[in-house]
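Here, residue 1 is the first one in the sequence, and each next residue gets the next number. These numbers come from a predicted model, not from an experiment. Indexing begins at 1, ligand by ligand and atom by atom, following the structure's order.
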Amino acid sequence: MHIRKDDIVEVVTGDDAGTGKARTTGRVLRVLPDANKVVVEGINRVYKHLKPSRQNPQGGRLSKEMPIDVSNVMLYCPTCRRGVRVGRRYTAEGRKERYCKKCGNALGFLGRARQSYAQGS
Ligand SMILES: [Zn+2]
C-alpha cells in the first residue's frame with residue numbers, strides 16, 4: 001500500500017473525482033490494507049437519515065465517509081499540484097522515502113533509517 005494515514009490524496013476516479021481543472025483532494029482518515037481501500041475526508045460521504053428520538057429530538061442526518069478503492073486515489077504532490085505516481089528510494093541516510101515520479105520531490109518517509117541502506121560508511 002503506497003498510501004498512508006494523513007496523506008493528502010487526489011481522487012482521480014469515481015463520483016467525487018474532479019472534472020477538468022478542479023481537483024478533488026482530501027486527507028486520508030483511515031487505510032484498510034486488507035480491502036485495498038482508504039477513507040478520505042469529505043469523499044464518498046453517505047447520509048444516514050435519523051428519525052427524531054429522545055436523544056435527538058430534531059432528527060436529521062448523519063454523514064459518514066465510506067471507504068473507496070485505493071486505485072481511485074493518487075498521492076498529492078504539492079509541487080506538481082496534482083495526484084502523481086509515486087516511487088520509493090533510499091536517502092543517503094538510509095531512510096526509505098516516497099517521491100514524485102514526475103518532479104522527483106520527496107513526499108515523506110516510510111519507516112525508520114536502516115544503517116544497512118545508508119550510503120558510504
Ligand atoms: Zn511532483
Side-chain angles (χ1 to χ4, degrees):
M1 203 87 151
H2 59 286
I3 301 290
R4 306 201 140 195
K5 187 172 179 288
D6 290 329
D7 279 346
I8 302 298
V9 293
E10 181 184 349
V11 180
V12 289
T13 39
D15 294 343
D16 290 306
T19 48
K21 288 211 166 79
R23 304 213 173 259
T24 307
T25 56
R27 189 168 60 91
V28 175
L29 300 175
R30 229 149 35 96
V31 175
L32 310 164
D34 294 338
N36 263 309
K37 285 175 186 285
V38 290
V39 178
V40 183
E41 197 166 36
I43 303 298
N44 201 22
R45 204 170 260 181
V46 293
Y47 294 95
K48 192 180 172 187
H49 294 267
L50 299 174
K51 283 185 180 167
S53 66
R54 210 179 328 164
Q55 277 183 349
N56 185 1
Q58 295 283 306
R61 42 181 217 172
L62 229 146
S63 77
K64 186 185 173 193
E65 285 96 347
M66 296 301 284
I68 57 172
D69 206 276
V70 73
S71 63
N72 290 351
V73 303
M74 290 176 100
L75 192 63
Y76 183 79
C77 172
T79 312
C80 302
R81 300 175 71 183
R82 54 173 293 185
V84 293
R85 304 236 277 161
V86 174
R88 292 156 198 247
R89 67 188 174 195
Y90 287 96
T91 66
E93 298 80 46
R95 288 192 81 176
K96 200 190 221 180
E97 70 175 6
R98 297 179 300 186
Y99 70 96
C100 168
K101 280 191 170 171
K102 205 170 166 68
C103 68
N105 273 12
L107 293 172
F109 293 110
L110 293 168
R112 300 157 154 233
R114 276 203 259 168
Q115 219 57 53
S116 52
Y117 289 111
Q119 289 163 14
S121 62

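Within the protein, the number of N/O/S atoms found under 2.8 Å from the Zn ion (ligand 1) is 4.
Contacts classified as side chain to side chain donor-acceptor pair (under 3.5 Å) and involving residues 74-87 (residues at least two apart or in different chains) are given here: Thr79-Asn105. Note on residues 51-67: pairs passing side chain to side chain donor-acceptor pair (under 3.5 Å), not counting sequence neighbours, are Arg45-Glu65.
The heavy-atom pair separating Thr91 from Phe109 by the smallest distance is CG2-CE2, 3.8 Å.
In this structure, Asp7 contributes its side chain and Val9 its backbone to no donor-acceptor pair below 3.5 Å. Proximity of a side-chain donor or acceptor of Arg98 to a complementary backbone N or O of His2 within less than 3.5 Å is detected.
Scored by the side chain to side chain donor-acceptor pair (under 3.5 Å) test, Asn44 finds no partners at all (sequence neighbours excluded).
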